[in-house]
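Heads up, the thing below is written out as structure tokens.
Per chain, numbering begins at 1; letters A, B, ... match sequence-line order.
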Amino acid sequence: MTGPAPTWTIVAGRDLDRVVLVDVTSDGTELSRRTAGRDELPGLVRAVESRADGAHRWVWNDTSRWYPALLNAGVDVARCHDLRLCHAILATSALVSDAADLRDAVVWSAPAGDDEADDALFLLDERAGVPDDPAEVRGEFVRQQAAVHASDDPDRLRLLLAAESAGALIAAELHAAGLPWDAEVHDRLLTQALGTRPSGGGLPSLVQARADEVRSALGDAQASLDSQPKLLRSLHRAGVPARSTSRWELAEYDHPVVAPLLAYKKLMRLLSANGWAWLAEWAPDGRFRPVYVPGGVVTGRWASSGGGALQLPRQLRPAVRADPGWVLVVADVAQLEPRVLAAMSRDIALADAARGTDLYEGIVAGGVVSTRQEAKIAVLGAMYGATTGDSGRLVPALRRAYPRAMALVDDAARVGEDGGIVSTWLGRSSPPPSAAWQAVQARASDAEASSGDDTAARRAARDRGRFTRNFVVQGTAAEWALAWLADLRSRLAALPAVDDGHPAATASGPLFSRRAHLAFFLHDEIIVHAPAAQAEEVAAAVRMSAERAAMLLFGGFPLDFPLDLRIAADAAKA
DNA sequence: CGGAGCGGCGCG
DNA sequence: AAAGCGCGCCGCTCCG
């Protein structure tokens with residue numbers, strides 16, 4: 001790595017309403033210190049950022065506790081080190097040979113704080129989060145830097161920690177900026193699908209109509225459709241011997257109740273998950289602002305909390321609409337996980353299959369399986385550990401064609417079955433087996449173990465093997481996506497602001513109404529909201545960042561990560 | 001009354 | 001079409 005030497009400033013001391021800023025060296029040695037009122041912080045940060053040369057990092061206990069207020073004040077930062085998230089990685093990483101100090105610091109394993117809740121009633125509740133005392137914060141920083149330095153691969157870990165911390169910044173910015181949401185389009189989609197919105201307590205007209213058809217087909221005007229046990233009994237009375245009321249099982253029965261019931265369930269799902277109540281609660285001002293939770297999934301994927309950001313139904317994507325004069329740049333990576341697997345395992349044959357734009361067609365072209373659908377099922381089965389059905393049947397063909405890639409996931413599964421730890425490409429490690437899991441294994445190896453004990457142990461082992469098999473791929477894909485996001489973020493920040501902010505400027509706060517900004521992220525997909533005049537520039541940045549992410553993680557390994565990218569007024573899927 | 005658990009289904 | 005990974009949220013039911 002070249003460029004200016006990194007500099008660091010610890011920000012701490014929140015509870016005292018006095019902020020302490022400590023400039024430190026990369027090993028935590030204090031250089032200088034000052035204190036300021038909380039209201040002064042944005043100005044101080046802005047001053048440092050404006051003269052920073054790109055290598056300055058803010059070190060704080062928890063990005064979600066500090067950054068939202070800065071964003072509200074119109075200040076963003078280029079880089080940070082999020083101690084809470086980095087602690088979670090380092091305390092369990094197999095690359096860290098001696099993590100005893102970190103593991104002892106259990107207070108750093110607290111869940112994230114919530115800046116907005118702080119101002120309410122929760123200051124002293126148990127969700128107080130990780131420490132913010134300046135000495136504690138600096139101590140943790142010192143521990144983390146030492147752990148990285150002494151680790152088996154400091155470069156990989158530094159990359160992972162930088163990506164994770166950038167993700168924390170991005171998550172806060174995504175929330176602040178929001179996803180532009182057109183309530184009129186949403187309302188129209190709902191009305192088309194569900195019928196007229198009821199004024200009182202009843203169901204929308206088309207939902208009610210389906211419910212009437214279901215009850216008529218069941219021959220029971222009082223049938224309860226929303227209680228699974230009651231519905232199941234009604235179905236039995238009507239001659240449908242279903243064991244569950246799930247969609248795929250119901251679809252197998254040839255009975256007049258099936259079609260309207262499936263339709264009813266689909267409509268009710270839309271109504272309850274993303275209906276008018278959702279619209280009023282989650283997108284009241286032309287922006288959908290989910291709470292993203294970086295590192296919320298053990299594999300390193302993000303989770304979300306509130307609004308169901310990660311479950312937006314395709315059906316509603318037309319409601320994601322750019323402001324007038326702006327566009328959306330929507331991009332996702334085609335088959336990210338198998339590509340990541342090819343790169344991790346240095347499987348040239350699989351990389352060759354991935355050469356064009358469609359990895360699955362590449363597998364067909366290589367004569368491994370005969371159709372694209374088979375290729376897809378086989379690949380998913382390989383990564384998820386399928387053993388039965390079409391998927392399990394196709395995996396052996398994959399094992400012959402791509403032995404290196406398959407060996408990587410098969411090894412990960414074996415390690416998991418044996419109770420071991422697996423790690424992603426950059427060094428995020430799987431959690432150890434739970435106490436319950438170990439107890440099940442121990443019981444089976446007891447001299448007086450029953451065959452039931454043995455079966456249970458074997459099943460638990462295989463379950464864990466499927467988890468670790470998938471962990472290495474899903475987790476490395478998450479790392480690739482973080483690197484993509486982080487690089488894109490800095491490219492977007494370098495674009496000029498536009499003169500006239502979009503009309504909904506107030507909706508996206510002071511920072512994002514005049515600048516191209518990330519607006520959505522979902523595992524392998526991003527949406528950028530950009531001034532129309534910058535659309536092509538943004539699209540180029542999105543592509544360059546993907547290339548950069550591949551280079552950062554996998555160096556010169558010859559593998560494409562092609563994007564499906566479109567520039568449009570809305571985010572409807574093709 | 002509230003919380004945990006479950007079936008079900010949306011997303012990758 | 002649902003075997004195989006990871007999530008969050010809904011409504012209902014059960015239980016303390």
Side-chain angles (χ1 to χ4, degrees), chain A residues 224-233 242-253 261-262 264-275 277-278 281-282 290-317 332-338 340-341 373-374 376-395 398 409-410 412-413 416 422 424 428 430-431 459 462-478 480-481 520-526 564 571 573:
Chain A
S224 166
L225 308 189
D226 301 318
S227 159
Q228 195 261 8
K230 290 178 188 166
L231 176 59
L232 206 52
R233 283 195 292 273
R243 294 176 301 103
S244 79
T245 61
S246 60
R247 193 178 49 201
W248 70 84
E249 180 165 0
L250 292 177
E252 288 171 1
Y253 294 96
L261 181 53
L262 293 183
Y264 172 83
K265 286 160 74 82
K266 193 160 193 66
L267 297 186
M268 279 302 280
R269 164 80 193 190
L270 178 61
L271 176 65
S272 63
N274 294 101
W278 181 94
E281 183 178 358
W282 290 102
V291 175
Y292 294 91
V293 185
V297 181
V298 279
T299 58
R301 272 189 175 181
W302 289 11
S304 75
S305 138
L310 277 49
Q311 310 145 248
L312 267 188
R314 293 170 69 104
Q315 201 178 355
L316 288 185
R317 292 182 57 118
D332 62 75
V333 195
Q335 305 108 26
L336 175 57
E337 291 190 358
V340 157
L341 173 58
Q373 183 61 18
E374 280 185 352
K376 183 173 181 175
I377 287 175
V379 166
L380 292 178
M383 294 189 306
Y384 293 164
T387 53
T388 62
D390 285 356
S391 188
R393 204 162 52 245
L394 291 163
V395 170
L398 233 49
V409 286
D410 288 344
V422 298
T424 61
R428 190 189 308 261
S430 65
R459 193 178 59 225
R462 275 196 300 268
D463 287 350
R464 186 158 191 279
R466 286 193 304 275
F467 166 66
T468 52
R469 168 189 294 270
N470 187 248
F471 181 96
V472 294
V473 179
Q474 185 183 119
T476 303
W480 188 97
F520 192 66
F521 170 53
L522 179 56
H523 307 319
D524 63 358
E525 175 186 12
I526 54 107
D564 178 7
K573 287 243 184 181

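The closest donor-acceptor contact from the side chain of A:Ser305 to the backbone of A:Val291 lies at 3.5 Å or more, if one exists at all. The backbone N or O of A:Ile377 lies less than 3.5 Å from a partner atom in the side chain of A:Ser391, making a donor-acceptor pair. Checked by atom type and distance alone, the side chain of A:Thr476 never pairs as donor or acceptor with a backbone atom of A:Val473 at under 3.5 Å. Remark: the backbone N or O of A:Ser272 is not paired with any side-chain donor or acceptor of A:Trp278 at under 3.5 angstrom. A:Ser430 contributes a side-chain N or O that, together with a main-chain N or O of A:Val422, makes up a donor-acceptor pair within less than 3.5 Å.
Note on A:Glu525 versus A:Arg317: salt bridge recorded, some NZ/NE/NH1/NH2 to OD/OE distance being below 4.0 Å. Look at A:Arg301 and A:Glu337 and you find a salt bridge, because one of the NZ, NE, NH1 or NH2 atoms lies within 4.0 Å of a carboxylate O, short of that distance.
With hydrogens and angles ignored, a donor-acceptor pair under 3.5 angstrom links the side chain of A:Asp390 to the base of C:dA1.
In terms of heavy atoms, A:Leu232 sits closest to A:Ala242 at CD1-O, 3.6 Å. Among all heavy-atom pairs drawn from A:Phe520 and A:Leu522, the shortest one is CE2-CB, 3.7 Å.
Listed pair A:Lys265 / B:dG7 fails the phosphate criterion, with no side-chain N or O lying under 4.0 Å from OP1 or OP2. Contact annotation: A:Lys573 side-chain N/O to B:dG12 OP1/OP2 distance is under 4.0 Å. Neither OP1 nor OP2 of B:dG8 sits under 4.0 Å from any side-chain N or O of A:Lys266.
Rounded to whole angstrom, the span from the CG atom of A:Leu225 across to the C1' atom of B:dG8 amounts to 15 Å. In this entry the distance linking CG of A:Leu262 with C1' of B:dC9 reads 12 Å, nearest Å. The CG-C1' distance, from A:Leu250 to C:dA1, rounds to 14 Å in whole Å. For the pair A:Leu267 CG and B:dG8 P, the computed distance is 18 Å after rounding to whole Å. In this structure, the CG atom of A:Leu261 is 12 Å from the C1' atom of B:dG8, given to the nearest Å. In this structure, CG of A:Asn274 is placed 8 Å from C1' of B:dG10, rounded to the nearest angstrom. Regarding A:Tyr292, its OH atom lies at a distance of 13 Å from the P atom of B:dG12, rounded to whole Å. Atom CZ in A:Arg314 sits roughly 7 Å away from atom P in B:dC11 (whole-Å rounding).
Out of C:dT13, B:dG7, B:dG10, the shortest distance to the side chain of A:Arg247 is found at B:dG10.
Ranked by how close their nearest DNA chain C nucleotide is to the 5' end, A:Ala251 and A:Asp226 are led by A:Ala251.
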Would you mind building the protein contact string for nucleotides 4-10 of chain C? One character per nucleotide, 5' to 3', B for base within reach (heavy atoms under 4.0 Å), S for sugar-phosphate only, - for untouched.
BBBSBSS
Pairs counted as Watson-Crick or G-U wobble with both distances under 3.5 Å: what dot-bracket string results for DNA chain C, using | for bases tied to another strand?
....||||||||||||
